[in-house]
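Naming: A, B, ... by sequence-line order, numbering from 1 per chain.
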Amino acid sequence: MSLLPTTTIAQIAAYANQTVTLAGWIDHKTEKGKLVFLMLRDGSGTIQCVVFRKQVSETTFSTAQQLTQETACRITGSVRADERAPGGFELDVHEIELIHLTHDYPITPKEHGVEFLMEHRHLWVRSSRQHAILRIRAEIMAAAQEWLNAQGFVRYDTPILTATSAEGTTNLFATPYFDQGNAYLAQTGQLYVESGMMSFGKVYCFGPTFRAEKSKTRRHLTEFWMLEPEVAFATHADNLILQEQLLTAIVQRVLQQCRRELEVLERDTLPLERVQPPFPRITYDEALDLIGEHHAEVEGCTPLAWGEDFGAPHETLIASKFDRPVFVEKFPAAIKAFYMQPDPDRPEVALCADLIAPEGYGELIGGSQRIHDAELLIERIQAHGLSLDDYQWYVDLRRYGSVPHSGFGMGLERAVAWITGTRHIRETIPFPRMLYRLYP
RNA sequence: UCCCCGAUAGCUCAACGGUAGAGCGGCUGACUGUUAAUCAGUAGGUUCUAGGUUCGAAUCCUAGUCGGGGAGCCA
């Protein structure tokens, strides 16, 4: 005995004029006297189910009248094409099996405030907009991994509990670790993924990372997912090509596979369709000139002196000058991480790049060629005030068959926010962790 | 951490220092084509907390709590 449905709503067109059993939840009900309209949602889609009093038993009709929003049920009926139905098909109901009657579902079809919705995040994920965003998130993750795998990459998982800060003094979450003092939640898998690069050539890690920064903006989470590929023998130039190819593959697949979700979100797909290589590349120096010339166009965007890092308004301004994601490369080494390879022609800048998303969604990717010389790496670790003892294993990677290599980290939720056109990053992950939000 | 804003019915909000209200949702009833149906009726309040000013405070003042928007930091 099984309770499984005979089909899903997404497949309903193949069952025209047949009798099927669907299983799901009531999205909405409209009563019209001797007629009840039910919108049934099963995860794959929604369909209108029509209950005529004269065509069903009294029990079935009174069950239909009882149904409330988010009640779980199994509905058996015949599939009929009907122009009046959203989706083109509706179900003429024969029988309704009540699985669980819901009382007082808190989220109604009317508007709600952010705080209320966040308190009910565990229920909010059922709403059509949230469903569409999280469906696209899943597609982005699948697209990224499948594309990388097809290019010969091997997924290589890095630890979440680590002994020290990977990139220096940024705030980390600490947790007691037996008699070894504190362990820290990883803020990146990058250093560890470099070891895999020396074993497999092309690797990537993909998992949650943690930042205990007191950021309070619509672009930040304290727990977010990062995809970090690392490639042996890849130079800075190779790195940028890989990034634009990966991002293009992701965006094009979402355009193909998630048309319906993008419609639900009312996402303008033209900017997404323009995402094709090559992406424009400008240097940090050119970006400073551009900011100097156009800073008045964006509020809070002030001219910068060489050596200063961009703020959010600067990224917005730069992005506004291009019709697709734009690379800003060769930042001053002093404002970047210790492991970045200096430009041989100009050692004060690093062979690194940030990829800035269009439409003001900010930095999607940060990447660089890594230092492959042990002596230089040691010098940089010390110059950054880090303990060499903590990084001996990392320096070891430069002592045995060291090669030039490059990699990058893509923030998953930033990518989801941009591709789905979601203004606030809190909607791009099922349970966002933020400065003032740990529940539910 | 800093700047700005807010908290009133289950939800979204209104109410000049003078009787705390509406819409939605809930409940009851009517309706054979509704799409956030419509119509009629009905229940629903410690105005975030603690002080203060005042004849009188949802309203003004102080402190706190919680939340929202932005900055910095970053992906």
Side-chain angles (χ1 to χ4, degrees), chain A residues 27-39 46-56 61 65-66 68-69 80 82-87 90 92 102-120 127-128 167-172 187-190 208-228 243 299-302 308-316 335-337 354-357 361-367 408-418 423-426 428-429 434-437 439:
Chain A
D27 225 33
H28 187 67
K29 179 180 75 173
T30 305
E31 283 188 77
K32 278 280 300 174
K34 297 181 174 60
L35 183 59
V36 180
F37 296 100
L38 304 168
M39 288 299 290
T46 57
I47 189 169
Q48 175 158 277
C49 306
V50 190
V51 192
F52 286 96
R53 181 165 218 162
K54 283 183 179 171
Q55 293 176 10
V56 297
F61 193 77
Q65 288 179 307
Q66 275 178 47
T68 54
Q69 190 188 356
R80 178 167 48 78
D82 192 314
E83 282 184 7
R84 293 170 296 187
E90 60 183 27
D92 276 330
T102 290
H103 295 286
D104 301 322
Y105 185 68
I107 301 178
T108 68
K110 297 284 178 175
E111 58 188 311
H112 296 284
V114 171
E115 186 182 2
F116 179 81
L117 290 169
M118 289 305 298
E119 282 294 314
H120 296 86
S127 301
S128 60
E167 291 186 4
T169 56
T170 326
N171 297 323
L172 299 177
Q187 59 179 335
T188 170
Q190 191 221 301
T209 54
F210 307 87
R211 307 271 167 100
E213 294 153 2
K214 294 197 169 178
S215 299
K216 194 175 171 303
T217 82
R218 62 188 168 89
R219 296 179 307 281
H220 289 85
L221 298 167
T222 55
E223 175 181 315
F224 68 98
W225 283 57
M226 194 150 60
L227 176 73
E228 295 177 277
Q243 290 172 45
E299 196 181 338
C301 188
T302 51
E308 289 185 288
D309 208 350
F310 302 149
H314 304 104
E315 289 179 353
T316 301
I335 56 171
K336 287 293 179 180
D354 287 351
L355 184 65
I356 300 175
Y361 285 93
E363 187 183 336
L364 285 180
I365 292 179
F408 60 91
M410 182 181 85
L412 175 67
E413 289 76 16
R414 292 259 179 99
V416 176
W418 163 54
R423 186 177 152 75
H424 201 297
I425 201 164
R426 66 184 158 221
T428 63
I429 185 169
M434 296 175 295
L435 186 50
Y436 296 119
R437 173 68 58 187
Y439 176 94

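No side-chain donor from either of T108(A) and Q69(A) sits under 3.5 Å from a side-chain acceptor of the other.
Rounded to a whole angstrom, the distance from the C1' atom of G52(B) to that of G17(B) is 15 Å. G10(B) and G18(B): their P atoms are spaced 25 Å apart (whole Å). Separation of the P atoms belonging to C3(B) and A57(B) is 32 Å when rounded to the nearest angstrom. Taking atom P on both nucleotides, G25(B) is separated from U12(B) by 15 Å, rounded to a whole Å. Taking the P atom of each, C24(B) and A36(B) are spaced 15 Å apart, rounded to whole Å. The separation of A9(B) from U53(B), taken at their C1' atoms, amounts to 29 Å, rounded to a whole angstrom. Rounded to whole Å, the separation between the C1' atoms of C31(B) and G44(B) comes to 27 Å. When the P atom is used for both C11(B) and A7(B), the distance is 14 Å, rounded to whole Å.
Among the protein residues, D354(A) comes within range of no part of the nucleic acid, since none of its heavy atoms lies under 4.0 Å from any strand. Using a 4.0 Å heavy-atom distance criterion, L412(A) is classed as making no nucleic acid contact. Looking at heavy-atom distances under 4.0 Å, G362(A) makes no contact with the nucleic acid at all. Q69(A) comes within 4.0 angstrom of nothing in the nucleic acid, heavy atoms only. Counting any heavy atom pair closer than 4.0 Å across all strands shown, L221(A) reaches a base atom.
One interatomic measurement links the two molecules: CD of E213(A) to P of U1(B), which rounds to 15 Å at whole-angstrom precision. Atom-to-atom, CD of Q65(A) to C1' of U28(B) comes out at 13 Å; the value is rounded to the nearest Å. Summarising the geometry, the separation between CG on D82(A) and P on U32(B) is reported as 18 Å, rounded to the nearest angstrom. In this structure, F52(A) places its CZ atom 9 Å from P of G33(B), rounding to the nearest Å. Rounded to whole Å, atom C1' of G25(B) lies 16 Å from atom NE2 of H103(A). H120(A) has its NE2 atom 15 Å from the P atom of G67(B), to the nearest Å. Rounded to whole Å, the distance from CG on D92(A) to P on U32(B) is 17 Å. Rounded to a whole Å, the NZ atom of K29(A) is 15 Å from the P atom of U38(B).
Interatomic distance, NZ of K216(A) versus OH of Y436(A), reported as 6.5 Å (0.5 Å rounding). Atom-to-atom distance recorded for H424(A):NE2 and M118(A):CE is 8.0 Å, nearest 0.5 angstrom. Atom CG in L221(A) sits 10.5 Å away from atom CZ in R426(A) (nearest 0.5 Å).
Judged by distance alone, the side chain of K29(A) and the main-chain N or O of V36(A) form no donor-acceptor pair under 3.5 Å. Between the side chain of T209(A) and the backbone N or O of T188(A), no donor-acceptor pair lies under 3.5 Å. Although no hydrogens or angles enter the test, the distance criterion places a donor-acceptor pair under 3.5 Å between the side chain of R414(A) and the main chain of E363(A).
Remark: F310(A) pairs with Y284(A), F331(A) by the ring pair (Phe, Tyr, Trp, His ring centres under 6.0 Å) rule, at least two apart or across chains. Every residue two or more places apart in sequence or in another chain that forms a side chain to side chain donor-acceptor pair (under 3.5 Å) with H220(A) is listed here: T217(A). Under the salt bridge (Lys or Arg N to Asp or Glu O under 4.0 Å) criterion, E413(A) pairs with R137(A), sequence neighbours left out. Listed by chain and number, the residues in a side chain to side chain donor-acceptor pair (under 3.5 Å) with R80(A) are D82(A), E90(A), D92(A) (sequence neighbours excluded). Residues passing the ring pair (Phe, Tyr, Trp, His ring centres under 6.0 Å) test with Y105(A): none are found, sequence neighbours excluded. The salt bridge (Lys or Arg N to Asp or Glu O under 4.0 Å) test applied to E308(A) returns no partner, not counting sequence neighbours.
Side-chain proximity of R80(A) to U1(B), G33(B), U32(B): nearest is G33(B). Distance from the side chain of R211(A) is smallest to A75(B) among A75(B), G33(B), C73(B).
The residue among L117(A) and D104(A) whose nearest nucleotide of RNA chain B lies closer to the 5′ end is L117(A).
Between H112(A) and P106(A), the shortest heavy-atom contact is CE1-O, 3.8 Å.
The list of salt bridge (Lys or Arg N to Asp or Glu O under 4.0 Å) pairs with a residue in residues 106-120 of chain A, not counting sequence neighbours, reads E119(A)-R437(A).
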When you compare the protein's N or O atoms with those of nucleotides 68-70 of chain B, which come within less than 3.5 Å of each other, and at what distance?
{"from": "G69(B)", "atom 1": "OP1", "to": "R426(A)", "atom 2": "NH1", "distance (Å)": "3.1"}
{"from": "G69(B)", "atom 1": "OP1", "to": "R426(A)", "atom 2": "NH2", "distance (Å)": "3.0"}
{"from": "G69(B)", "atom 1": "N7", "to": "K216(A)", "atom 2": "NZ", "distance (Å)": "2.9"}
{"from": "G69(B)", "atom 1": "O6", "to": "K216(A)", "atom 2": "NZ", "distance (Å)": "3.3"}
{"from": "G70(B)", "atom 1": "OP1", "to": "R218(A)", "atom 2": "NE", "distance (Å)": "3.0"}
{"from": "G70(B)", "atom 1": "OP1", "to": "R423(A)", "atom 2": "NH2", "distance (Å)": "2.8"}
{"from": "G70(B)", "atom 1": "N7", "to": "K216(A)", "atom 2": "O", "distance (Å)": "3.4"}

Can you check nucleotides 44-47 of chain B for protein contacts, nitrogen or oxygen pairs under 3.5 Å, and list what you find?
none

What nitrogen or oxygen pairs link the protein and nucleotides 8-11 of chain B at under 3.5 Å?
{"from": "C11(B)", "atom 1": "O2'", "to": "E111(A)", "atom 2": "O", "distance (Å)": "3.2"}
{"from": "C11(B)", "atom 1": "O2'", "to": "H112(A)", "atom 2": "ND1", "distance (Å)": "2.7"}

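Of the residues in residues 30-38 of chain A, those with a non-hydrogen atom less than 4.0 angstrom from any atom of RNA chain B are T30(A), E31(A), K32(A), G33(A), K34(A), L35(A), F37(A).
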Report the C-alpha separation of Q65(A) and E31(A) in whole Å, then their side-chain angles, then the decisive distance to 0.1 Å, and conclude whether the side-chain contact (heavy atoms from CB on, under 4.5 Å) test is met.
-> CA-CA 7 Å; Q65(A) 288 179 307; E31(A) 283 188 77; 3.5 Å; yes
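Considering only heavy atoms from C-beta on, W225(A) comes within 4.5 Å of I429(A) through its side chain. Side-chain atoms of L227(A) and L412(A), non-hydrogen and from C-beta on, never get closer than 4.5 Å to each other.
Both key distances under 3.5 Å define a Watson-Crick or G-U pair, and stretches of 3 or more such consecutive pairs in RNA chain B run B:1-7 with B:65-71, B:10-13 with B:21-24, B:26-30 with B:38-42, B:48-52 with B:60-64.
Between the side chain of E90(A) and the base of G33(B) there is at least one donor-acceptor pair of N/O atoms closer than 3.5 Å.
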